[in-house]
Visitor: 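Encoded as structure tokens, here's the structure I'll be asking about.
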Amino acid sequence: MKAESQRALLLAALRRHLRAAGWSVRRVAEALSTSQPTVKRWLAGRALTVDRLEALAGLCDLTLAELVRESDVPPPHLANELTLAQEQALSEDGLLSFLFIAILGGEQWQELEHDFGIPASVIEASLDRLYKLALIDRLPSGRVRSRVNPNIIWRKAPMRRQFEMQMKRQFIDMDFAAADSVYASTVFKLSDAGAARMAELIEHHRRELAALADADRAETLLPRSWYAVLTAARPLDGSGFRELARHRPTRQG
């Protein structure tokens, strides 16, 4: 039974690394000159020899020994909310919070080094800080994983203040007429119960986008770009409409 459990952990670690590195079943089959059904059987643990396991690990720049060491440590229990101290630390450092949110979304820190030109030494210091805050685990070959549920809901004040100071301006200054702008807007009346339901739908939408990002990372062969998404709602201020109405001609007679 212990051997079966260890095998399951090994396969889970392998599949996780393949997904994180963007290896779809089709790509793996092409790289190893075999068929997609065969790759699926291997990843399910059937007919998976040591040589084949080494070849699969090699696609992720892992040795078999590194994969075995990682699988000896089971994934942690994922926290469903952060402590106030954790959120406070993230809110005080924009790079730290962005790095954590990227890891929370399934990305590896090397993506930030490559895409944004952030020195590896700076990222390493931030990773060490996240580790000391008990927000991530450090794994073999420089890899990391989050200790927090990706569906966490940010409720406390610190991260909201950080958004106000660092992210809000990007959305305010957004050129909504640009061809690459993606947005939708609407206006409607809701009861308090309807507003509560709307908040649930917004959170559901966030989780759907996270699932889309996971699938896209695992399956696409195309270059990926970073997107910041804000889904928000607030009571409508209609005072501007009254001002506009005062300057409109009224119907006579």
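The figures here come from the full heavy-atom set of this structure, side chains too, leaving out hydrogens, waters and symmetry mates.
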Visitor: If I take atom CG from residue Asp173 and atom CZ from residue Arg169, how far apart are they, to the nearest 0.5 angstrom?
Guide: 5.0 Å
Visitor: Treat each ILVMFWY residue as a node, draw an edge where side-chain heavy atoms are under 4.5 Å apart, and state whether Met198 and Leu230 are in one component.
Guide: no
Visitor: Between atom CD of Gln108 and atom NE2 of His114, what is the distance when rounded to the nearest 0.5 Å?
Guide: 15.0 Å
Visitor: Without swapping roles, check the side chain of Arg52 against the backbone of Ala47 for a donor-acceptor pair under 3.5 Å.
Guide: yes
Visitor: Does the side chain of Glu200 pick up a donor-acceptor pair with the side chain of His204 at under 3.5 Å?
Guide: no
Visitor: Would you mind reporting whether Lys168 and Ile172 have side-chain heavy atoms less than 4.5 Å apart?
Guide: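 Yes, at least one pair of side-chain atoms sits under 4.5 Å.
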Visitor: What are the two closest non-hydrogen atoms of Asp216 and Arg224, and how far apart are they?
Guide: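 Answer, listing the atom of Asp216 first, then Arg224: OD2-CD, 3.5 Å.
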Visitor: Does any part of the side chain of Asn151, heavy atoms only, come nearer than 4.5 Å to the side chain of Asn80, both counted from C-beta?
Guide: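 Contact flag for Asn80/Asn151 side chains = no.
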Visitor: Ignoring hydrogens and angles, tell me if any N or O in the side chain of Ser146 forms a donor-acceptor pair with the backbone of Ile136 under 3.5 Å.
Guide: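 Not confirmed, Ser146 side chain does not pair with Ile136 backbone.
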Visitor: Report yes if some heavy atom in the side chain of Ile103 is under 4.5 Å from a heavy atom in the side chain of Leu135; otherwise report no.
Guide: no
Visitor: Quick one: are Glu113 and Pro119 in side-chain contact, heavy atoms under 4.5 Å?
Guide: no
Visitor: Show the numbers, then the answer: is there a side chain to side chain donor-acceptor pair (under 3.5 Å) between Ser24 and Arg27?
Guide: CA-CA 5 Å; Ser24 65; Arg27 286 188 65 206; 5.3 Å; no
Visitor: Would a single hydrophobic cluster contain both Val148 and Leu209, if residues Ile, Leu, Val, Met, Phe, Trp and Tyr are joined by side-chain heavy-atom contacts under 4.5 Å?
Guide: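 Looking at the clustering, Val148 is in a separate group from Leu209.
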Visitor: Counting only heavy atoms not in Asp192, do more than 12 sit closer than 6.0 Å to its CG atom?
Guide: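 Counting neighbours around CG of Asp192, 12 or fewer heavy atoms of other residues, nucleotides or ligands fall under 6.0 Å, so no.
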Visitor: Flag yes if more than 12 heavy atoms outside Tyr227 fall under 6.0 Å of its OH atom; otherwise flag no.
Guide: no
Visitor: Taking all non-hydrogen atoms of both residues into account, name the closest pair between Leu67 and His17 and its distance.
Guide: CD1-CD2, 4.1 Å
Visitor: If you take all heavy atoms of Ala31 and Trp23, which pair is closest and at what distance?
Guide: CB-CZ3, 3.7 Å
Visitor: Is the backbone N or O of Leu99 less than 3.5 Å from a side-chain atom of Trp109, with the two atoms forming a donor-acceptor pair by type?
Guide: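 Looks like no, no N/O pair under 3.5 Å.
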Visitor: Report the distance from atom OG of Ser97 to atom CG of Leu104, rounding to the nearest 0.5 Å.
Guide: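 If we round to the nearest 0.5 Å, Ser97:OG and Leu104:CG are 11.5 Å apart.
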Visitor: Please check if the side chain of Gln86 supplies one atom and the backbone of Leu133 the other of a donor-acceptor pair under 3.5 Å.
Guide: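 Pair found, side chain donor or acceptor close to backbone of Leu133.
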Visitor: At what distance, to the nearest 0.5 angstrom, does CD1 of Ile123 lie from CG of Leu130?
Guide: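 Nearest 0.5 Å value for the CD1-CG distance: 11.0 Å.
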Visitor: Check for me, please, whether Val50 and Leu32 land in the same ILVMFWY cluster - side-chain distances under 4.5 Å, paths through other members count.
Guide: yes
Visitor: With rounding to the nearest 0.5 Å, note down the distance linking OG1 in Thr63 to CD in Glu54.
Guide: 8.5 Å
Visitor: Is any side-chain heavy atom of Leu56 less than 4.5 Å from a side-chain heavy atom of Leu43?
Guide: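 Of all side-chain heavy-atom pairs linking Leu43 with Leu56, at least one is under 4.5 Å.
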Visitor: Shortest non-hydrogen contact from Pro150 to Leu78?
Guide: CD-CD1, 4.4 Å
Visitor: Do Glu203 and Arg206 sit within salt-bridge range, that is, some charged N less than 4.0 Å from a carboxylate O?
Guide: yes
Visitor: I'd like to know whether the aromatic ring centres of Trp226 and Phe98 sit less than 6.0 Å apart in this structure.
Guide: yes
Visitor: Are Leu10 and Leu53 close enough that some pair of their side-chain heavy atoms sits under 4.5 Å apart?
Guide: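 With C-beta onward as the side chain, the pair touches.
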Visitor: If you compare all heavy atoms of Leu96 against all heavy atoms of Ser126, which two are closest, and at what distance to 0.1 Å?
Guide: CD1-O, 3.4 Å
Visitor: Which atoms form the tightest heavy-atom contact between Thr231 and His205, and what is the distance?
Guide: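 Smallest heavy-atom distance, with atoms named: OG1-CD2, 3.3 Å.
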Visitor: Roughly how far, to the nearest 0.5 Å, is the CG atom of Leu11 from the CG atom of Leu18?
Guide: 10.5 Å
Visitor: Indicate if Tyr131 and Ile118 have the same hydrophobic cluster label, given that clusters are the connected sets of ILVMFWY residues with side-chain heavy-atom separations under 4.5 angstrom.
Guide: yes
Visitor: Answer yes if Leu112 and Val229 sit in the same cluster of Ile, Leu, Val, Met, Phe, Trp and Tyr residues linked by side chain heavy atoms under 4.5 Å apart, and no otherwise.
Guide: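 They do not share one cluster, since no chain of ILVMFWY contacts under 4.5 Å joins Leu112 to Val229.
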Visitor: For Arg129, I'd like to know if atom CZ has over 12 heavy atoms of other residues, nucleotides or ligands within 6.0 Å.
Guide: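 Result for CZ/Arg129: open.
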